[in-house]
Amino acid sequence: MMRWRWIWVTASLALAACHQPEQQAAPVVSHPPAAATSAPKAASHFEPPPDSSIPQDDFGKQIALGRQIFTDTGRYAKAYVGNTLNCENCHLDAGRLAHSAPMWGAYPMYPAYRAKNRHVNTFAERLQGCFQYSMNGKAPPLGDDVLVALEAYAYWMSKNEPIGVAPPGHGYPKLPRPTQAPDYARGEAVFKRDCALCHGDNGQGQRVADRTVFPPLWGAQSFNWGAGMERLDNASGFIKANMPLGRGNTLTDQDAWDVAYFMNAHERPQDPRFKGSVTETRKAYHDTPDSLYGVTVNGKVLGE
Ligand code: HEC
Ligand code: HEC
């Protein structure tokens with residue numbers, strides 16, 4: 001399926017014209033090819049039900065709406081979105097792909113304690129965070145249709161899974177710490193070689209007919225400094241397993257860390273929890289070697 005997606009994406013590069021952007025529902029989930037050092041073992045994982053099994057009733061309508069919100073967030077949840085990303089840009093195959101934080105890997109694990117806000121979060125509250133940070137927007141109020149539909153979609157996708165047991169393929173892989181400290185220049189070389197073709201020389205991505213074909217990696221239209229992808233451990237794990245699109249698990253771990261560093265050493269929208277100064281905000285929310293917020297790179301303090 002990823003292969004089809006990749007062909008679709010490549011084709012849209014060439015066509016750059018009107019096309020039916022939403023791919024057809026494909027029932028089978030394929031693994032990213034397992035290879036190289038820390039690639040996830042080819043463990044079998046949960047197979048979510050095919051989209052064709054979404055029921056044709058009022059409940060099914062909410063599930064289908066949840067899927068639409070997931071894949072075309074700026075259109076179906078406009079009021080809560082502040083950039084050009086879609087949920088699916090980081091949770092591939094409409095939230096179905098293993099090792100890409102699939103929704104079937106998340107739903108059975110909530111409520112959960114989160115260090116990020118230091119309390120137990122319901123699934124709905126977890127979704128609110130995605131809008132505030134990854135989508136650089138506003139949290140839909142609890143009970144809002146947007147959250148209900150997304151929750152219905154994740155619930156439906158998780159049918160027959162045990163509750164409270166982390167399924168193989170959940171979340172993003174955690175890479176071992178890199179042998180050499182992540183490096184801007186090496187990351188830039190990886191970016192030029194393996195990423196710029198799709199994401200653009202300035203990480204700006206590409207839009208065709210009002211739809212994001214290649215999502216922006218930094219800048220005003222990307223995720224903000226409060227998002228999970230801002231962390232080098234999350235970003236390197238996501239990139240290793242899933243990028244370059246269609247060629248997951250082909251980068252070395254070091255390349256994945258270096259290019260994650262390069263990506264996150266660029267500016268992006270401010271952390272919405274900003275406390276008036278970058279130093280204070282770093283102390284409160286970014287006090288980890290995995291965040292470059294407030295760090296000086298190439299003579300510039302990131303986040304200022
Ligand atoms: C820029 C990339 C990005 C976008 C866009 C994004 N997410 Fe995420 N999402 C992440 C990352 C990274 C994590 C995990 C890291 C963390 O815990 O913060 C995550 C975690 C999650 C989780 C919890 C996963 C788990 O296994 O516990 C859910 C649920 C989720 N996202 C839903 C969404 C929804 C719904 C949207 C769209 C409204 C969305 N995300 C948009 C990057 C993204
Ligand atoms: C063949 C085109 C292609 C290449 C090459 C590619 N990407 Fe992507 N990338 C995509 C697409 C398309 C998505 C969104 C996936 C989706 O919606 O299914 C994406 C999503 C992402 C995301 C999450 C969304 C965001 O904007 O933050 C990151 C991070 C990312 N890519 C980084 C990289 C890095 C780093 C490289 C190089 C190692 C790379 N990509 C190479 C096409 C590509």
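Whatever order the structure lists them in is the order used to number ligands and atoms, beginning at 1. Keep in mind that the numbers below use all heavy atoms, side chains included, and drop hydrogens, waters and symmetry copies.
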message: Under 4.0 Å, counting heavy atoms only: does I239 come that close to any atom of ligand 2?
response: yes
task: Please say which of V148, L127, V146 ends up in a side chain to side chain contact (heavy atoms under 4.5 Å, CB included) with P140.
output: V146
message: For the CD atom of Q204 and the CH2 atom of W218, what is their distance to the nearest 0.5 Å?
response: 8.0 Å
query: Can an N or O of P216 be found at a distance shorter than 3.5 Å from an N or O of ligand 2?
result: yes
message: Need the ligand 2 atom indices (1-based, order shown) with element for anything under 4.0 Å from a heavy-atom of M263.
response: 29 (C)
- prompt: Any idea which atoms of ligand 2 are less than 4.0 Å away from a heavy-atom of L251?
  reply: 38 (C)
message: Using heavy-atom distances only, which candidate in Y172, F123, Y153 approaches atom 10 (C) of ligand 1 most closely?
response: Y172
message: Tell me which pairs pass side-chain hydrogen bond (donor to acceptor under 3.5 Å, both in side chains) where either residue lies in residues 134-159, with sequence neighbours left out.
response: Y80-D144, N136-N224
- request: Please state whether the rings of H286 and Y293 are parallel, tilted or perpendicular, taking 30° and 60° as the class boundaries.
  value: parallel
- request: Report yes if some heavy atom in the side chain of D233 is under 4.5 Å from a heavy atom in the side chain of L175; otherwise report no.
  value: no
task: Could you tell me whether ligand 1 has any atom less than 4.0 Å away from a heavy atom of L127?
output: yes
query: Hey, is M135 touching ligand 1 through its side chain, its backbone, both or neither, going by heavy atoms under 4.0 Å?
result: side chain
task: Could you list the atoms of ligand 2 found under 4.0 angstrom from a heavy atom of L85?
output: 26 (O)
Residue D210 excluded, over 12 heavy atoms near CG under 6.0 Å: no
- prompt: What distance separates L232 CG from R177 CZ, expressed to the nearest 0.5 Å?
  reply: 8.0 Å
- prompt: Any nitrogen or oxygen of S222, main chain or side chain, under 3.5 Å from a nitrogen or oxygen of ligand 2?
  reply: no
message: Report whether any nitrogen, oxygen or sulfur of N242 sits less than 2.8 Å from atom 8 (Fe) of ligand 2 (N, O or S, backbone or side chain).
response: no
message: If I apply the N/O under 3.5 Å rule, does D93 come out as touching ligand 2?
response: no
statement: Protein N/O/S atoms closer than 2.8 Å to atom 8 (Fe) of ligand 1 number 1
query: Where the closest heavy atom to atom 5 (C) of ligand 2 is concerned, which of D194, L197, L92, L245 has it?
result: D194
task: Record the part of F238 in heavy-atom contact with ligand 2 below 4.0 Å; permitted values are side chain, backbone, both and neither.
output: side chain
message: Can you name the atoms of ligand 1, numbered from 1 with element, that are less than 4.0 Å from a heavy atom of F223?
response: 1 (C)
For atom 26 (O) of ligand 1, the protein heavy atom that lies nearest, with its residue and separation: A106 CB, 3.6 Å
- prompt: Hey, does V213 sit under 4.0 Å from ligand 2 if you only count heavy atoms?
  reply: yes
message: As an exercise, state the distance from CG of N160 to CD of E47, rounded to the nearest 0.5 Å.
response: 13.0 Å
task: Report yes if the side chains of L85 and P216 come closer than 4.5 Å at any heavy-atom pair, otherwise no.
output: yes
- prompt: Is the closest heavy atom of R126 to ligand 1 under 4.0 Å?
  reply: yes
message: Working to the nearest 0.5 angstrom, can you tell me the gap between Q68 CD and Y76 OH?
response: 4.0 Å
message: Starting from atom 15 (C) of ligand 1, what is the nearest protein heavy atom, named by residue and atom, and what distance separates them?
response: N234 ND2, 3.5 Å
- prompt: Atoms of ligand 1 less than 4.0 Å from N86 heavy atoms?
  reply: 5 (C)
message: Test side-chain contact (heavy atoms from CB on, under 4.5 Å) on H199 and M263; report intermediate values, then the result.
response: CA-CA 11 Å; H199 291 287; M263 170 173 94; over 6 Å; no
field: Approximate separation, where rounding is to 0.5 Å, of L302 CG and W225 CH2
entry: 4.5 Å
query: Heavy-atom contacts under 4.0 Å between R114 and ligand 1: side chain, backbone, both, or neither?
result: side chain
- request: Please list, chain by chain and in numerical order, all residues satisfying salt bridge (charged side-chain N to carboxylate O under 4.0 Å, His left out) with K275, sequence neighbours excluded.
  value: none
message: If the cut-off is 4.0 Å to any non-hydrogen atom of P215, which atoms of ligand 2 fall inside it?
response: 11 (C), 13 (C), 14 (C), 19 (C), 20 (C), 24 (C), 26 (O)
- request: May I ask you to identify the nearest protein heavy atom to atom 28 (C) of ligand 1, giving residue, atom name and distance to one decimal place in Å?
  value: M103 CE, 3.8 Å
field: Region of H170 engaging ligand 1 - heavy atom pairs below 4.0 Å
entry: neither
message: Suppose clustering is done on Ile, Leu, Val, Met, Phe, Trp and Tyr with side-chain heavy atoms closer than 4.5 Å. Which residues sit in the same group as V120?
response: Y113
task: To the nearest 0.5 Å, tell me how far F70 CZ sits from R96 CZ.
output: 11.0 Å
query: Would R207 and Q221 count as a side-chain hydrogen bond (donor to acceptor under 3.5 Å, both in side chains) if you check the C-alpha gap in whole Å, the side-chain angles of each, and the deciding distance to 0.1 Å?
result: CA-CA 11 Å; R207 275 168 78 75; Q221 293 302 328; over 6 Å; no
- request: Report the part of E88 (side chain from C-beta onward, or backbone N, CA, C, O) that has a heavy atom under 4.0 Å from ligand 2; answer both or neither where that applies.
  value: both
query: What atoms of ligand 2 come within less than 4.0 Å of a heavy atom belonging to F214?
result: 2 (C), 12 (C), 42 (C)
query: What atoms in ligand 1 come closer than 4.0 Å to a heavy atom of Y110?
result: 23 (C), 25 (C), 27 (O)
field: Location of contacts on F131 toward ligand 1, heavy atoms closer than 4.0 Å
entry: side chain
query: Taking C-beta and beyond as the side chain, do D194 and T250 meet within less than 4.5 Å on heavy atoms?
result: no
